[in-house]
Amino acid sequence: MADWLDEYDPEWIMDVLLEETGHGKPALEVLRQAIQAADRHQDIRYMFAFRIQFCRESTFYGDGMELMVTFPELLALADKYPDQPGDRRYVFRYEAEHVMWVYKWILDNCMDFYQISLEDCKKFLEDYRQRCVRMGLSLRNYYSTMYGFYWQIDREFSEQCFHKYEKLPRDGHSDCRACERNMEIKFYLDREDLKKAEKLAADIESFRLTCGAREKKSAWLRMKIAYMNYYMRHGDYETAQGYAKLVGRHFSGETEYECWDDFLVCYAHTNIGKALNIYKSHWKEWMGLRCPMDAYEADKSACLFFKELQKARKGSTVKIHYDSSFPLYREDGQYQIADLQEFHYRRAKDIAEKFDCRNGTSYYVDKLEESLRGELG
């Protein structure tokens, strides 16, 4: 066990050690041990705090898998100690309210992990709804989540949920106005209503609506990525490239906006050399993804990239310095482009079939096949 656990000092762990620890795996390991220490000391305050921080770290710097394991423990604490005062570091009066905020991340993960059965997803959604009602929280976020979850399953029902969301009042449990606005913009872009989306986008474009620190341009960047994907879906890769370049200039160290798999597809149609460099820089990261939805999108993008590379190259091979962890590894680094396209296609299709089996649809397989045919996605 780490030396810092010999003398239990939870405030130092939270305010000093975690500030000095890198995000992702290093922080998650510290938090695992901190949770065990808080449990041994029956320190209720930090039994909540460390688990909430663990869920936050998993959501924003991990892959969500750890979140799904730890959250039930956090929910059980909220049920056992409903009147536990909120941590001074946050705005919640009671930890039970903070746990409901974390619950929203769980619902997002229901969409991204085919391992969570449709029945269990529905149970999570209904439990969340009932808790909102008991706590007097607006169902606005519940319906926005239902809209997102059912978009790939039942489009008509999904749109009904979105319009219910629109009619319900905001409260302290709602996402920030800028985040909600971005969801609304995406909804109308998905429905091919560009005029409505552009009207909604005006407040983010002018920075009248922002998310977090204004200088990070978080809401603005999310909006630009949504537009980039809109134009890519319509085959207008030149316009999409303009958005890709714009987003690329404003990363500011925030990995959330480094959507390299989207950039890969965009540049595959406009600058194949740049696309090849992106693939070479990120293939190993993509191969290590544990979130199935992220892995599906990455493999689908890689498959589309190799399709375009095959059209752009006179020869049939490409030199890529994979390491021995790559399933098709060759010491000479020479690969048939068709083999690499087929490799990523098979991986994407396998995941797509699992999501479709879970959802009772053919949405993800259809999306993969349509994208390979160059049809609207």
Side-chain angles (χ1 to χ4, degrees), residues 22-29 61-66 112-115 232 237 240-241 244-245 247-248 251 253 255-355 364-365 367-374 377:
H23 284 299
K25 289 183 179 179
L28 289 170
E29 185 54 37
Y61 299 100
D63 56 24
M65 186 71 77
E66 295 92 346
D112 293 347
F113 287 83
Y114 60 74
Q115 296 93 330
M232 285 170 61
Y237 292 101
Q241 179 182 246
K245 289 180 177 178
V247 172
F251 281 163
T255 57
E256 176 186 353
Y257 316 114
E258 297 180 2
C259 44
W260 292 110
D261 55 334
D262 291 332
F263 295 156
L264 178 69
V265 176
C266 182
Y267 286 115
H269 291 84
T270 60
N271 186 336
I272 197 67
K274 186 176 181 68
L276 180 57
N277 286 333
I278 289 173
Y279 179 82
K280 287 179 177 179
S281 297
H282 295 280
W283 71 265
K284 190 164 187 176
E285 165 194 331
W286 292 330
M287 290 294 293
L289 291 170
R290 293 175 65 199
C291 172
M293 186 64 72
D294 291 345
Y296 166 73
E297 294 293 347
D299 278 305
K300 179 163 68 72
S301 295
C303 178
L304 294 172
F305 158 67
F306 283 114
K307 176 188 173 186
E308 295 304 313
L309 184 64
Q310 196 162 23
K311 291 194 296 186
R313 287 259 170 131
K314 291 182 179 179
S316 63
T317 64
V318 62
K319 191 174 184 67
I320 299 177
H321 294 292
Y322 295 108
D323 63 32
S324 59
S325 67
F326 188 67
L328 304 185
Y329 174 71
R330 292 171 55 94
E331 282 193 17
D332 63 7
Q334 289 288 347
Y335 298 86
Q336 291 290 323
I337 297 172
D339 289 346
L340 295 175
Q341 180 185 345
E342 179 68 11
F343 170 75
H344 285 288
Y345 169 77
R346 290 297 171 191
R347 283 170 54 91
K349 189 173 183 181
D350 177 64
I351 298 172
E353 289 172 343
K354 289 173 179 174
F355 272 114
Y364 286 101
V365 170
K367 185 179 177 183
L368 174 63
E369 301 298 344
E370 288 166 5
S371 64
L372 284 169
R373 292 195 299 267

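Here the structure is a predicted model, which is why all the values come from computation and not from measurement. All residue numbers in this chain count up from 1 along the given sequence. Only this structure's heavy atoms are used, side chains among them; waters, hydrogens and symmetry mates stay out.
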Rounded distance [0.5 Å steps], OH in Y345 versus CG in L372:
7.0 Å
With a 6.0 Å cut-off (strictly less than), is the heavy-atom count around NZ of K25, excluding the residue itself, greater than 12?
no
Residues G315 and I337: closest non-hydrogen pair is O-CD1, 4.3 Å
Only one of D261, I351, L289 passes side chain to side chain contact (heavy atoms under 4.5 Å, CB included) with D294; say which it is.
L289
Does any pair with a residue in residues 315-325 pass salt bridge (Lys or Arg N to Asp or Glu O under 4.0 Å), and if so which ones, sequence neighbours excluded?
K284-D323
Enter the distance from F305:CZ to I272:CD1 here, rounded to the nearest 0.5 Å.
5.0 Å
Begin from the C-alpha positions of M232 and Y237 and carry the test side chain to side chain contact (heavy atoms under 4.5 Å, CB included) through to its verdict.
CA-CA 6 Å; M232 285 170 61; Y237 292 101; 4.0 Å; yes
Interatomic distance, D299 atom CG to L304 atom CG [nearest 0.5 angstrom]:
11.0 Å
To the nearest 0.5 Å, atom CH2 of W283 lies from atom OG of S325 at 4.0 Å
Heavy-atom closest contact (V265 atom, H269 atom, distance):
O-ND1, 2.9 Å
Under a 4.5 Å cut-off applied to non-hydrogen side-chain atoms, are V318 and Y279 in contact?
no
Please report whether the ring centroid of Y322 lies less than 6.0 Å from that of Y329.
no
Using 30° and 60° as the class limits, which term best fits the ring planes of F306 and H344: parallel, tilted or perpendicular?
parallel
Before giving the answer on side chain to side chain contact (heavy atoms under 4.5 Å, CB included), spell out for F263 and V247 the whole-Å C-alpha distance, their side-chain angles and the decisive distance to 0.1 Å.
CA-CA 10 Å; F263 295 156; V247 172; 3.9 Å; yes
Between K300 and E297, is there a salt bridge with N-O shorter than 4.0 Å?
yes
If you measure from NZ on K245 to NZ on K274, what distance do you get to the nearest 0.5 Å?
8.0 Å
Which atom names give the shortest non-hydrogen contact between C266 and A240, and what distance separates them?
SG-C, 3.7 Å
Please check: side-chain N/O of Y296 versus main-chain N/O of Y364, any donor-acceptor pairing under 3.5 Å?
yes
Going through the checks in order, is the side chain to side chain contact (heavy atoms under 4.5 Å, CB included) test met by K349 and E369?
CA-CA 9 Å; K349 189 173 183 181; E369 301 298 344; 4.2 Å; yes
By the definition side chain to side chain contact (heavy atoms under 4.5 Å, CB included), identify the one residue from K307, E308, Q336, R346 that meets it with Q341.
K307
Please test L340 against L309 for side chain to side chain contact (heavy atoms under 4.5 Å, CB included), starting from the C-alpha separation and ending with a verdict.
CA-CA 11 Å; L340 295 175; L309 184 64; over 6 Å; no
Within this structure, what is the CZ-CZ distance for the pair F326 and F343, rounded to the nearest 0.5 Å?
4.5 Å
